[in-house]
Novice: 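Here it is, the structure in full.
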Amino acid sequence: MAATATIAGVVATSSVASAAAAGPSPKPAPASQAMTGLPAAPVEKVIVTYKSKAAEAGSNTAAKNDAAAKGEKTGESLSFERRLAGGAALVDLGGEASKKDLAEVMAAFRADTSVASVEPDIRAYAMAAAPDDTDYAKQWDLFEATGGMNVPGAWDKTTGSGVTVAVIDTGYAAHTDLAGNVVAGYDFISSSADARDGNGRDNNAKDEGDWNATDGECGTGSKASNSSWHGTHVAGTIGATTNNTKGIAGIAYNAKIQPVRVLGKCGGSSADIADAITWASGGTVPGVTANATPAKVINLSLGGASATCPSVYQTAINGAVSRGTTVVVAAGNSNANVSGFTPANCSGVINVASTSREGNRSFYSNFGTGIDVSAPGGETRRATDTPGTVTTPENGILSTLNSGTTTQSAENYKPYQGTSMAAPHIAGLAALLKSAKSTLTPAEIESAIKANARPLPGTCSGGCGTGIADTVKTVNAVTGTTTPGGATFTNAANVTITDNTTVASSLAVTGRTGNAPAALKVDVDIKHTWRGDLVVDLVAPDGTVRNLKASSSSDSADNVITTYTVDASSEVANGTWKLQVRDVASGDTGYIDSWSLTF
């Protein structure tokens, strides 16, 4: 095994750092992520408070008889359901009532001199809204239905509070969008020349830069490069401060980030990295002060070539896991089988491959049976574009960074690509899970993430694990939350899509009560030989159009086979819904194979 380990994808990320500002503007966050008002839910019950001397105030039988009498008077099927803690009676209206019926029932109770008050049993909602961070709309990796990780819907349940995530990487470049969540870390680089701070190991995790001045400086084939500030970029994805009207949103934005420096000039040694894993997880390292805030999640966006997992890595990982720390590792960016790269080929870790905005395996991502799960890592260029160039910055992963070419300068934000960017998505999810349920073991966290992933909507040759991680589904699984409803309506009749036409497939939804859910699932199976030609919309019974997929001249992959999540809570559930597909170009055709709605 080589004596040093290099950042997973340093060639890709270092080129992006200097050139990623150009490119088309990103699409805005979908309407499903913006708070537009509370759903107009129907009223099904009323709360009646009787005066203290009334028989109904203390007798359930009397309250039951009174509800029946009021029902007979108003023509509604009223029934006493139960007594509330404050003594009021909960009265069922016998199904959802119209505004007129509700008004009549409430008027009947108010006219009764024994009634102190009557009010509708209204619904309350978690007051989650899209974060106000100024660049949140560019974070497709969090919310887009095709390639995103379905993060925002989980924030009502968990934001990572109480969990520390160690980012074992290049250290920390000061950034105001991270500072509030950073706790004391450590510098484990034992070589003062590589550390560039004038000494060996110390308690200052400041990133001193990992630039290389000349080609060949770090071994045969190495290239001169600027500092990457890689650890700061990784940290932002996990725990950037959120709802601060600045920059980006972190996945586990109330978790703490612990920078642990192991990568400096020419990478870092396996001995230093292994000690860092031990220390970060609360283990003992000779000559190093104990970690005051041990991490329950470790992110390792680094790696080197090795056919086997070195024992120094495996011993450190085993120790971390035994102390209850989940270890997440980037698969590597060599478009090769992950079995030849370490620590990704070690046991006891969550091994993460990278996917693109279109939901394909990223062209650079390692693959194989050793991959556990995939997550957005982005593509700042197309596979056929010149290496080192940036042609599609809007499709990269935007995060916190620094503008310095060698030493630290002004803070900024840049999009990077890499399995280095995919891994912190899973580390952030692990922090959300640990925060939601503190008793979870690393094995249980890994199992939950893998079991609740969704199939890649695009393609993956070679093996991408169980699919793209789904944050909401995984959090719901470990907290015992179930999606309400569950009824599925499907239309499997084929509808031909010809060039430059708009077609639709209809679904008649019946038997539902009230409005559609805030997380309506739209499963789509469209066969087409160039899916970038297609614009896909969901049309509600009242004609409201919600865009599911935009066209893209660069997306030449076949078929649209995926599940979209739509906030349809403002729409009445019953009625005729339509999947509308518009072909905007010539040369390729197809058909709607099937689609379904799950309430």
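Worth saying up front: this structure is predicted, and the values here are computed from it rather than measured.
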Novice: Any donor-acceptor pair under 3.5 Å linking the side chain of Thr245 with the backbone of Asp132?
Specialist: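 Looks like no, no N/O pair under 3.5 Å.
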Novice: With Ser77, which residues qualify under side-chain contact (heavy atoms from CB on, under 4.5 Å), at least two apart?
Specialist: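 side-chain contact (heavy atoms from CB on, under 4.5 Å) check on Ser77 returns nothing, list empty.
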Novice: Determine the sole option in Thr562, Leu534, Val495, Asp558 for which the side chain to side chain contact (heavy atoms under 4.5 Å, CB included) test with Ile526 is passed.
Specialist: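 It is Leu534; the other options fail the test.
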Novice: Regarding Asn476 and Thr474, is there a side-chain donor-to-acceptor distance under 3.5 Å anywhere?
Specialist: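 Side-chain D/A pair, Asn476 to Thr474: absent.
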Novice: With Phe80, which residues qualify under ring pair (Phe, Tyr, Trp, His ring centres under 6.0 Å), at least two apart?
Specialist: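 With neighbours one apart ignored, the set is empty.
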Novice: Hey, are Thr400 and Asp177 close enough side-chain-wise for a donor-acceptor pair under 3.5 Å?
Specialist: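 Note: Asp177 and Thr400 side chains miss the donor-acceptor criterion.
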Novice: Mind listing the closest non-hydrogen atom pair of Glu56 and Ala62 along with its distance?
Specialist: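 Taking every non-hydrogen atom into account, CG-O, 3.5 Å.
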Novice: Between Asp567 and Arg546, is there a side-chain N and carboxylate O pair less than 4.0 Å apart?
Specialist: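 Salt bridge: no.
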Novice: Taking side-chain contact (heavy atoms from CB on, under 4.5 Å) as the definition, give me every residue that meets it alongside Val545, ordered by chain and number, with sequence neighbours left out.
Specialist: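 Partners of Val545 under the side-chain contact (heavy atoms from CB on, under 4.5 Å) test: Asp537, Val539.
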Novice: Kindly write out the residues that satisfy salt bridge (charged side-chain N to carboxylate O under 4.0 Å, His left out) with Asp525, not counting sequence neighbours, or none if the list is empty.
Specialist: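 Counting only residues at least two positions away or on another chain, Asp525 forms a salt bridge (charged side-chain N to carboxylate O under 4.0 Å, His left out) with Lys527.
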Novice: Do the side chain of Ser354 and the main chain of Gly377 share a donor and acceptor less than 3.5 angstrom apart?
Specialist: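 Pair found, side chain donor or acceptor close to backbone of Gly377.
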Novice: Please determine whether side-chain hydrogen bond (donor to acceptor under 3.5 Å, both in side chains) holds for the pair Asp470 and Asn452, giving the CA-CA distance in whole Å, both sets of side-chain angles, and the decisive distance to 0.1 Å.
Specialist: CA-CA 6 Å; Asp470 187 308; Asn452 291 285; over 6 Å; no
Novice: With sequence neighbours excluded, give me every salt bridge (charged side-chain N to carboxylate O under 4.0 Å, His left out) pair touching residues 74-87.
Specialist: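 Counting only pairs at least two positions apart or across chains, the salt bridge (charged side-chain N to carboxylate O under 4.0 Å, His left out) contacts touching residues 74-87 are Lys45-Glu81.
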Novice: Looking at residues at least two apart in the chain, or sitting in another chain, which of them share a salt bridge (charged side-chain N to carboxylate O under 4.0 Å, His left out) with Arg531?
Specialist: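 Only Asp555 meet the salt bridge (charged side-chain N to carboxylate O under 4.0 Å, His left out) criterion with Arg531.
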Novice: For Arg323, is the CZ atom crowded, meaning more than 12 foreign heavy atoms sit under 6.0 Å from it?
Specialist: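 Atom CZ in Arg323 is crowded, with more than 12 foreign heavy atoms closer than 6.0 Å.
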Novice: Restricting to non-hydrogen atoms, name the atom on Ala249 and the atom on Leu142 that form the minimum distance, rounded to 0.1 Å.
Specialist: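 It is O-CD1, 3.9 Å.
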Novice: Out of the candidates Thr326, Asn351, Ile350, only one should pair with Ile426 under the side chain to side chain contact (heavy atoms under 4.5 Å, CB included) rule; please name it.
Specialist: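 Passing option: Ile350.
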Novice: Can you sort out the partners of Asp133 under salt bridge (charged side-chain N to carboxylate O under 4.0 Å, His left out), two or more places apart, ordered by chain and number?
Specialist: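 Listed in chain order: nothing, the list is empty.
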Novice: More than 12 non-hydrogen atoms from neighbouring residues, nucleotides or ligands closer than 6.0 Å to NZ on Lys246, yes or no?
Specialist: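 Above 12, so yes.
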Novice: Only counting residues at least two apart or in another chain, list the ones meeting ring pair (Phe, Tyr, Trp, His ring centres under 6.0 Å) with Tyr564.
Specialist: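 Ring pair (Phe, Tyr, Trp, His ring centres under 6.0 Å) list for Tyr564, sorted by chain: empty.
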Novice: Please name the pair of heavy atoms, one in Val509 and one in Leu597, separated by the smallest distance, quoted to 0.1 Å.
Specialist: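 Between these two residues, the closest heavy atoms are CG2-CD1, 4.3 Å.
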Novice: Applying side-chain contact (heavy atoms from CB on, under 4.5 Å), can you list everything that pairs with Asp533, at least two apart in sequence or on another chain?
Specialist: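 Partners of Asp533 under the side-chain contact (heavy atoms from CB on, under 4.5 Å) test: His528, Trp530, Asp583, Ala585, Asp588.
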Novice: Tell me the closest heavy-atom pair linking Ala295 and Thr325, and the distance in Å.
Specialist: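 Answer, listing the atom of Ala295 first, then Thr325: O-OG1, 2.8 Å.
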Novice: Under the salt bridge (charged side-chain N to carboxylate O under 4.0 Å, His left out) definition, can you give me all pairs with a residue in residues 439-452, not counting sequence neighbours?
Specialist: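 Applying salt bridge (charged side-chain N to carboxylate O under 4.0 Å, His left out) to every pair that reaches into residues 439-452, excluding sequence neighbours, yields Asp372-Lys450, Glu446-Lys450.
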Novice: Going by side-chain contact (heavy atoms from CB on, under 4.5 Å), name the residues that satisfy it together with Ser438, two or more places apart in sequence or in a different chain.
Specialist: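 Here no residue qualifies.
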Novice: Can you list, pair by pair, the side-chain donor-acceptor contacts under 3.5 Å of residues 48-55, counting residues two or more places apart and other chains?
Specialist:
unit_1	atom_1	unit_2	atom_2	d
Tyr50	OH	Asp66	OD2	2.6
Lys51	NZ	Thr113	O	2.8

Novice: Check the orientation of Tyr136 and Phe143. Use parallel for under 30°, tilted for 30 to 60°, and perpendicular for over 60°.
Specialist: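 Because their plane-to-plane angle lies in the 30° to 60° range, the rings of Tyr136 and Phe143 count as tilted.
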